[in-house]
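Each remark here refers to the structure printed beneath this line.
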Amino acid sequence: MRNFNAFTLAREALRGHKGWGKQWRSPEPKKSYDVIIIGAGGHGLGTAYYLAKEHGITNVAVLEKGWLGGGNTGRNTTIIRSNYLYDESAGLYDHSVKLWETLSEELNYNVMFSQRGVMMLAHNVHDVQSAQRHIHANRLNGVDNEWLTPQQAKDYCPPLSISKSARYPVMGAALQRRGGVARHDAVAWGFARQASAMGVDIIQNCEVISIDRAPSGEVTGVQTTKGPIGAKKVGVVAAGHTSVLMEMAGVRMPLESYPLQALVSEPVKPVFPCVVMSNAVHAYISQSDKGELVIGAGTDSYLSYSQTGSMHILQHTLDAIIELYPMFSRMKMLRTWGGIVDVTPDRSPILAKTPVPNLYVNCGWGTGGFKATPGSANVFAHTIARDEPHKINAGFTLERFRTGRLIDEAAAAAVAH
Amino acid sequence: MADAIEKVSPLHALAEPGRFGDTSGEPGVGLSERLCDSLVQVQAWPDSISALKKAVKSVTGASIKPGNAVATKGDVVLMSTGPGRWLVEDETDDLEVRLRKAIGADIGAVTALTHARTVVSISGERCEWVLASGIALDFSADAFPVGTAKLSHHHEIGLTIHRTGDQAFDLYVVTSMVRSFWGWIARASAEVGYTVS
Amino acid sequence: MLLIHCPYCDETLPEPEFAYAGEAHIDRPADPQQLSDEEWRDFLFIRTNAKGPHYERWRHINGCARFFNAVRDTVSDKFLTTYKAGEARPDLAKLLEGQK
Amino acid sequence: MSAYRVESHGRIKHHQPVSFTFDGETVEGREGDTVASALLANGKHLMGRSFKYHRPRGAIAAGSEEPNALIGTTRSEGRFEPNTRATVQEIYPGLKTESQNSYPSLKYDIGAINDRLYMLFSAGFYYKTFMWPRSFWDKVYEPFIRRAAGLGVSPTVEDPDHYASRYLHCDILIVGAGPAGIAAALAAGKSGAKVLLADEGAEMGGSVLSEPGVNIDGCSAWNWLEARLDELRGMENVTLMTRTTAIGYYHQNMVGLCQKLTDHLTTLPEGAPRERLWRIRANQVILTQGALEKPLVFHENDRPGVMLAGSAQTYLNRYGVLVGRRPVVVTSHDSAWYAAFDLADAGAEVQAIVDLRDKVQSELSDEATKRGIRVLTSHTVTGTSGRLRIKSIRINPLRGSKAGRAETVNCDALLMSGGWTPSLHLFSHTKGTLRWEDDTKAYLPDQKAEACHIAGAGRGLWGIGKALTDGGEAGVAAATAAGFTTIAEAYPVENDREGTGISLRELPTDRSPGKAKAFIDFQNDVTAKDIRLAVSEGMHSIEHVKRYTTNGMATDQGKMSNMNGLNIAADALGKPQTEVGLTTFRPPYTPTTFGAFAGYHKGSHFEVTRKTPIDDWAEENGAAFEPVALWRRAWYFPKPGEDLHAAVARECRATRESLGIFDASTLGKIEVSGPDAVEFMNRMYTNPWTKLGVSRCRYGLLLGEDGYILDDGVIGRLSDDKFHVTTTTGGAARVLNMMEDYLQTEWPDLKVWLTSTTEQWATIALNGPNARNLLEPFVEGQDMSDEAFPHMSVSQCTVAGFPARLFRISFTGELGFEVNVPARYGRALWENLWEAGQQYDVCPYGTETMHVLRAEKGFIIVGQDTDGTVTPDDAGMSWAVGKKKTDFVGMRSLSRPDIAAPGRKQLVGLLTRDSKTVLDEGAQIVADPKQPKPMKMLGHVTSSYWSETLGRSVALAVVQGGRDRMGDSLYVPMPGKDVEVEVTGTVFYDPENARLKL
């Protein structure tokens, strides 16, 4: 595998870019693997990468029914932050942010992690109380998060309107400076390239039709559109389709899948320096390296796998964008798209063993999965390799829905992920 | 003592009479506000619907019509707002008391909503146009005939809409939101020009 | 924006007149205290999350305010049918036949 | 007049000059010109710079598919728009336009240095570098990349325009008013169906506008068009809309369209919206959007002056502009020959027609020879020259797939055609499937997912005759499907220009293909080489190719680039197109302003504001407001010079010492009535209700089925079968919805009706030792003595002559009453009490004081002291749970292992050791402030205030095992200091409730 750097780039430029070679192999599936990961998104490819790199397990296949990185990894608004309230969440997401900070070097692939700061606006007294609670908890957890006055918020993000006469005046904001955005495709491609180089087989256009179990119950492999493949362990990392796959192993899940839409504007010169989220007003916005305003909308209210959403959802989002940034009214929406997010009752992920031996599941990220990609992959690989959770994901079990030990960020703060 | 004090309309500050919006040509619509003297909701049990209809007839003299057809008799208006549930309006101030007498707990429930709704009336050539600019219903006469009522909403504001004529609608608006509703309908009417009476 | 038929009003209206209300035919147990933690969890949290025809509930929130049931294909988002609360599950085979 | 304007041609008003500016320079056009046609008429092809290499670019097309000629347009202060298509923007006097993405000027752009580094900036180059040293990404590399990227600049001030929206229901919506669309509208219109015909252009006609030479139904194309449009205008069941783009095709035949209303006008009508967003629900949809011409892919195919042949024909026939006097035509399709003939007939000296095919119909070559045009079949183009405008091209004979010796031909324009692609974007929005058809060399509609019909070029039918016939049939089919009957007229067509062609990848060349700058996505500067590089690097899915190269992701949404990209990717992969598949088309069809989407919902209309009947009084009396749910509530009533704290301290003092008056109208109110009302209440709430006597009240606690506190409120029993339930302000809608859910779907057998009466009642709370003294004289029909009307009573009586529901309850710990009167009397009652209250120095207070007073008494606010993870026991409210009850909503969840487990967070009071310190709400609590991070947090402060009454701070908090820590010292670590607190009970004031009993 060619190393990526300025010098090889320059050399290849002179040679007409003939020498790069493939970024990942496209092998046919073997008869069996030590571990099969279902789903070649960022979390799945990352899991394979860490299995190989940190646990020496390289006889791994990642099965993808479409094209790698084609699910929510390639459809989200790439917001990265870790200023979550509960210890479990803060631990998991901050583990992830720390990995993000060195991911480009680690993968020798520029994932363009840009720590532009993530600002979360408060529009009423309840928002302020909630933001303060987060800031204090984050401080004692060693996670950066600071309070800004409306003027400080405006200084940090000039397009923001802090007009007192606004329907929901900005009363302040919580800022995590280490937060930011990254190039979503690059994350999947970077993990795929390194995993493939270490021997992981990434098999695209290979849909899992059923999951095989031995009479004694444990998982033994999968049936796919490319035939049967044996496996000692299977990890399901298929955001949106988790319920469908787990059903194949006879496990019913506490999940519902909803459409989530996003949009970008036409590209313009740099105008928006950070990421801003507002829960009261429902708008998430940043500007990509290319110059597009990247805007996240809310989920549709109904369960759906259609990857399309309703027009009125986007409308409501753009209402909010203009409310907060009146100068963007004449900007134009270039492209909209939809993803499928699977949501748990407490809005926190499930990263755990399952009742079925040798079957593991990583799901329920709702709208917040991208930021967790390296962290989630890292501890999920640990969980599969050791057949026991890492202490960072110990709380994100399936059990919690029986015992009642929920990790309810949403209920705790009405903060969308 | 009550008589000494006027009821205060939620729109008293907003709905000033006059000509607004595009003033070239004839005004497209006329807007006005109406405060019901009595607006009462009656609700029947599944097994007492006919009894309730009888009771309503005995009190108002009007008979409830099927579906979303509105029964009007003199100043009485009867509108369905769902299975087993109707709105009764008239210009007396004791309608609730009279209905309550006629409709015991065995027949159903009676709840006064006189102050919970404020009626915004819109009329004129462009009233379909104005309403359709913010309400997702089909306002064409064949889909929404004169003498019928439908429930809908604009931007989180619940509405009961009664088509009183070819070019006339009464909108029963949730009182706390009627100021916001007025703000919108005035803005939407500005394009075609409007009068307030 | 979906088009939804309210079986009570017998009108077909745009989605914003309605509110989605989750999976249908999950009846609250008669005596919850008798249930095991597992059974209670299943009632509270476990959902079919069907890809394809899905039995679900909607409420005509901006109309007659009634809750009703529907069968909708979650891949195409097309409604196969809607029916009143309390009515039995319609036979899927027949519905799909009707679609053809 | 310029040498490029042809007075004899075009539909513009030649006698109506219109001047506007481009980059500060005045340009004269004619009424009906677009910015692009006017610039071309003045011989200006250079209109912009490309995204990555900053290469000089001119208009390549004449419509909304234009990728190059993007400009900034300004009408007046605040009315600036970036990235407007010069090929669409109509000119009007005073219009200011500017080029984009160039510095210092369009002609001399230093950004063009990137072009020299062409080989370096290959597809995905940024993934491979800028990684070292790490700190440089944020500080150096990314800022550089960002400055270079982006096209125009964002507007910087608030938009002075407003936007409208409109719902419409119709039988048949027809998208695209070309020949097929018009024929469809005529057929459908005659059926009496409600028909809507929309077109994105300023005038209807589509390809007919560019084909004046064709004869339809015995008259010239344009006369036929005028007559037919008149016929349509005459049908009152048919609506025609121009400048209206169908942007998205959604579920169940809902189509979103954006109509531009003012961007073409010289002066703005008063109050006119700039754009209107239509949401049209159609029984049937007919898509007649025609086809888009494909560029040819060869070295330097992007110079200003290189243009699609069909567009050149449009500029001539619609705008009376020759895009060049000495053009060369290069094509793989017959259509470009006709363009050449039209230009030649209009006076252009066409230097040559270069056709990639080895033979063409003799009729074409004869026509060319007749016009003295040199014909070069089986030739290719291998390069162009000219810095800011094309000067010459290299033409090579083809030997099989090889290019022979080059000949240089001078020219001032190059018209190319790589064939046509049916425009099926909207059809694809519906998830309708496409199939590749090899003889048309195009993707055509296959399986439909909605009730729609496609006609004309959209189905690969070239020529006006076929479009008319097909459109008519579609009109009939749609009308029939919508339940109408009609027939389609036949419109015989003469001198029609059908035609055929072949579809190619990069053109054969005599140079190293690896170095060729053969552009596919002109705006994003994606070349054939980039596509092949992506494939060679393992990007085998067309989606990967798209994302890696950014091909098709420019603002033309891939209209120019998708098919060429696909062909070349397929070739590189060695697969047929069908196996490579298409990337998905996503709404909107063309970029659409945010403003159009927001419509009326901006400024004060952004969201509904609910106001109480007493809101006006509060405003007149200087209240500061806070938003709570959709309501705005009086927060506090500052006197001159007072801040929040001073005002609240005064309001608290006044209430505790004498009398406070508070507008509680926003509290949710639900009337629960019916024979089974009490049973229903028993099932919903944790409390028992059977024994609650008529005219008595009880505090009710409502859980979610998960066992956590959801809402609370005082509930009065008005009669055996009627309860007056109050909820929190924010919870009202949620609670009613939940109650209806249980009632309708779980317990339909119960005879109960629920009605929200929040809006019916204005609620005024009086609290303080003088509350009764003020109220008593106003009350008729209720003995107000403590014996006759004790704490927690409700009475239906009259107050100040108004029918009232009078509650004796207290959320402050003082003697308290809440008077409910019909809403319209609220203000009058308030004024009455206000006047009479002066003798007691009555003080109006807001939500903040209400919060302080209740906190002093340890009353919780659901959503502040509880947060959706708190059970009744956690909140110390087991007393509110009926001990003998066998079931209520949420009861079962309370016995789940981790809910019943010890060590849960419990609500307690906190007193700071230093009584002056007021804790932060949300501050975290620890046992050992010296421990390292991450610290073990025991809980957090939920409510914290300065208590004027107690002369110290008080706080409520949830703390692990809190009730077992009474008297313990805990710490609240704050930046720079650790605050020591004592754990106490939650009631700080009048624990024996003496003041209630006055």
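Quick caveat, the model's predicted, so the values are computed rather than measured. Reminder, nothing fancy here: chain letters follow the sequence lines and each chain counts from 1.
Per-residue heavy-atom pair counts under 4.5 Å with chain B were compared for Cys6(C), Pro16(C), Cys9(C), Pro14(C), and the maximum is reached by Pro16(C).
Contacts between Asp138(B) and chain C at a heavy-atom distance below 4.5 Å are absent for every atom of the residue. Proximity to chain C involves both the backbone and the side chain of Ser152(B), based on heavy atoms less than 4.5 angstrom apart.
Residues Gly82(B) and Cys64(C) come closest through the heavy atom pair CA-CB, 3.7 Å.
The number of heavy atoms from other shown groups lying within 6.0 Å of CD (Gln33(C)) is above 12. More than 12 heavy atoms of other shown residues, nucleotides or ligands fall within 6.0 angstrom of atom CD in Glu87(C).
Looking at heavy atoms from C-beta onward, Leu137(B) lies in side-chain contact with Leu13(C) at the 4.5 angstrom threshold.
Interatomic distance, Lys150(B) NZ to Asn62(C) CG, rounded to the nearest 0.5 Å: 14.5 Å.
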